[in-house]
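From a predicted model like this one, the values you see are computed outputs, not experimental measurements. Because only heavy atoms are used, hydrogens play no part in the values below, and waters and symmetry mates are left out as well, while side chains stay in.
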Amino acid sequence: MDPQGPGDQAEASQPQPLEWRFAQVFGERGAGEDVQEVDIISAIEFDKSGDHLATGDKGGRVVLFERTDARDQNATRRELERQDVPITRHPEFRYKTEFQSHEPEANTQEKPRNWWTVTDSRKKELLFSIGEDTSFMLHIAFDYLKSLEIEEKINKIKWCQTANSALSILSTNDKTIKYWKVQEKKVKRVAVMNLDSSQSVGSSTTAIESTSSSKAPLPNGGCSDKFNCLNSDISFPPGGYPSLRLPVVTSLEANPVARCRRVFAHAHDYHINSISNNSDGETFISADDLRINLWNLEINSQSFNIVDVKPTNMEDLTEVITCAEFHPTHCNTLAYSSSKGSIRLIDLRQSALCDNHSKIFEEHEAPGSRSFFTEIIASISDIKFSRNGRYILSRDYMTLKLWDLNMDSGPVSTFQVHEHLRPKLCDLYENDSIFDKFECCLSGDGLRVATGSYGNIFRVFGCTPGSMEATTLEASRNPMSLLLLDLGCAIRRQIANPTRPTRTLTSFTRGVRRGDWSSSTLT
């Protein structure tokens, strides 16, 4: 049965506060070891069962972990839950496998010989001529603000439904989405060969395991030098071998093997900021700053543009898409957020191009409260549906907000995350920290919400009616609750020495505010 939502808990007793303890860490660095840029985690996702965890890093790698504690019992975790038998052990995960998902990109497209275009200073398109009759356009994609080449960094990871024991994953960088299948396969190799590199000349030989390459043998087990087929360490007894043993194929233990099944590319002009799987198990969406595309997992040659907010004249652009998410149970419903702080709910049954939303969720400003930073801090960086699909959790720079799909007049709950930074908005704007993105999530039972902050800190709030639970924790081996003063000190240290990641979200609106668009033209 689906867990109850926050509004369904009105008459229920308040849940007991959680006691947070350190459980496990992956990829911890040794003393004096420097952190490499490619090893920094950029995406993380649990599957629906909670038995598998996937992480992506800036080097384009995906690492999988599997849960081990539930397998020690006779019954599965789902069966234990059905029997109302508590699992007393804490979750434990172990490394399963890893694979290289993405490499640095350079898209090539064939263009006419006399092709040309006008672009702004943030996007470069170079035309090269090859020979007399052939010309290619080498389109090297750049970040709109920093003019950086499209990197291999994993932006998002999503688990897909599977009908067997194989694991299916969607991973994406700024431009290309890949559909991966990971399954256990037994590795076979040849064993029990005649030749033994460890034996000396004249000694008798026994059948042992070997994987040396086989060339055309001479009679009686000899081998001619002209074949150069054996290692110099291998020697033969005088007169060769008295008999030959046929190679035997043996199977080793099963190992996880990752295989790329589909590549979904060349469908986004701007950087992909989100992907989301549909509950039908057949389709998914990908979103960039101006468009949302619908894909079929089995067809990578075409996609359908279902949302397009790009105006005819780019000077009229006032908002961009920041995140998109499918409803967890209704395959025809999805939501997307914008840089103006609104969330639009659309129904795919209404029309092929969903220009009109079925509902819009936004909080109206109090009279006289608008300032220069109002629209910037209202930009939503992440949205998540609750497990039962009735609520949407959104994260902007200052707050977490919980929305009820049945009530579009305003959020049912607002949780202050960075309110103490309001006096520092000018400083945050000057060093670009005000454009930082934070993600959010809901617990499986729908009783709590969580989000990250600066200084390795995350915050957890109770979202049942009347709940006063608000916990500040540090993501470390000692996740002790922090006082607000300590939180402010950690944030000030982070802001004073910011490490600016590559960002494309709100790059359009940032350009509009700072007047960078007056002399630019987009193709």
Trainee: Can you classify the ring geometry of H52 versus W159 as parallel (below 30°), tilted (30 to 60°) or perpendicular (above 60°)?
Mentor: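 Ring orientation of H52 relative to W159: tilted.
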Trainee: For a 4.5 angstrom cut-off between non-hydrogen side-chain atoms, does E184 reach S165?
Mentor: no
Trainee: Could you pull out the closest heavy-atom pair between S42 and I154, with the gap in Å?
Mentor: OG-O, 2.5 Å
Trainee: Would you call the rings of H327 and H330 parallel, tilted or perpendicular, where under 30° means parallel and over 60° means perpendicular?
Mentor: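 Parallel.
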Trainee: Quick one: which of I383, D408, D404 gives a side-chain contact (heavy atoms from CB on, under 4.5 Å) with F361?
Mentor: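 That would be D408; it is the only one of I383, D408, D404 passing the side-chain contact (heavy atoms from CB on, under 4.5 Å) with F361.
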Trainee: Between H268 and D288, what is the shortest heavy-atom contact and its length?
Mentor: ND1-OD2, 2.9 Å
Trainee: Taking the side chain from T322 and the backbone from S339, do they hold a donor-acceptor pair closer than 3.5 Å?
Mentor: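 Absent.
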Trainee: Mind jotting down which residue pairs meet the salt bridge (Lys or Arg N to Asp or Glu O under 4.0 Å) criterion with at least one end in residues 291-302? Sequence neighbours excluded, please.
Mentor: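 Found R261-E298, R262-E298, D269-R291, R291-D308.
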Trainee: For D396, run the salt bridge (charged side-chain N to carboxylate O under 4.0 Å, His left out) check against K437, K340, K401 and tell me which one passes.
Mentor: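 Result for salt bridge (charged side-chain N to carboxylate O under 4.0 Å, His left out) with D396: K401.
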Trainee: With a 4.5 Å heavy-atom cut-off, do Q24 and R94 have their side chains touching?
Mentor: no
Trainee: Are side-chain heavy atoms of Q302 and N296 found at a separation under 4.5 Å?
Mentor: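 No - every pair of side-chain heavy atoms lies 4.5 Å or more apart.
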Trainee: How about W20 and T471: does a side-chain donor come under 3.5 Å of a side-chain acceptor?
Mentor: no
Trainee: Between S274 (side chain only) and C323 (backbone N and O only), is there a donor and an acceptor less than 3.5 Å apart?
Mentor: no
Trainee: Answer with yes or no whether the side chains of N155 and N273 bring together a donor and an acceptor at under 3.5 Å.
Mentor: no
Trainee: Distance-only, no hydrogens or angles: does the S443 side chain make a donor-acceptor pair with backbone N or O of R448 under 3.5 Å?
Mentor: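 Pair found, side chain donor or acceptor close to backbone of R448.
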Trainee: Quick check: do Y429 and F435 have side-chain heavy atoms less than 4.5 Å from each other?
Mentor: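 Yes, their side chains come closer than 4.5 Å.
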Trainee: For Y454 and F438, take the angle between the two ring planes, folded into 0 to 90°, and tell me which bin it lands in: parallel under 30, tilted 30 to 60, perpendicular over 60.
Mentor: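 The rings of Y454 and F438 stand perpendicular, inter-plane angle above 60°.
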Trainee: Working to the nearest 0.5 angstrom, can you tell me the gap between Y336 OH and I285 CD1?
Mentor: 11.0 Å
Trainee: Given the side-chain rings of F65 and F93, with only the six-membered ring counted for Trp, is the space between their centroids under 6.0 Å?
Mentor: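 Centroid distance F65-F93: not below 6.0 Å, so no.
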Trainee: Taking C-beta and beyond as the side chain, do L317 and L290 meet within less than 4.5 Å on heavy atoms?
Mentor: yes
Trainee: Do F373 and C426 touch side chain to side chain, with heavy atoms closer than 4.5 Å?
Mentor: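 Contact flag for F373/C426 side chains = yes.
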Trainee: Which pair of heavy atoms, one from N356 and one from I346, lies closest together, and at what distance?
Mentor: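 So the minimum-distance heavy-atom pair works out to O-CG2, 4.4 Å.
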Trainee: Just wondering, do T172 and S286 contact through their side chains at under 4.5 Å, heavy atoms?
Mentor: no
Trainee: Flag the pair I292 / L294 as yes when at least one side-chain heavy-atom distance between them is below 4.5 Å, and no otherwise.
Mentor: no
Trainee: Would you say D316 has more than 12 foreign heavy atoms packed within less than 6.0 Å of its CG?
Mentor: yes
Trainee: I'd like to know whether the aromatic ring centres of F284 and F264 sit less than 6.0 Å apart in this structure.
Mentor: yes
Trainee: Do you know the tightest heavy-atom contact between R387 and P328?
Mentor: O-CG, 3.9 Å
Trainee: Using the salt bridge (Lys or Arg N to Asp or Glu O under 4.0 Å) rule, collect all pairs that involve residues 38-48, keeping only residues at least two apart or in two chains.
Mentor: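 Listed by first then second residue: D39-R61, E45-K158.
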Trainee: With no hydrogens and no angle check, do the side chains of T472 and R459 hold a donor and an acceptor under 3.5 Å apart?
Mentor: yes
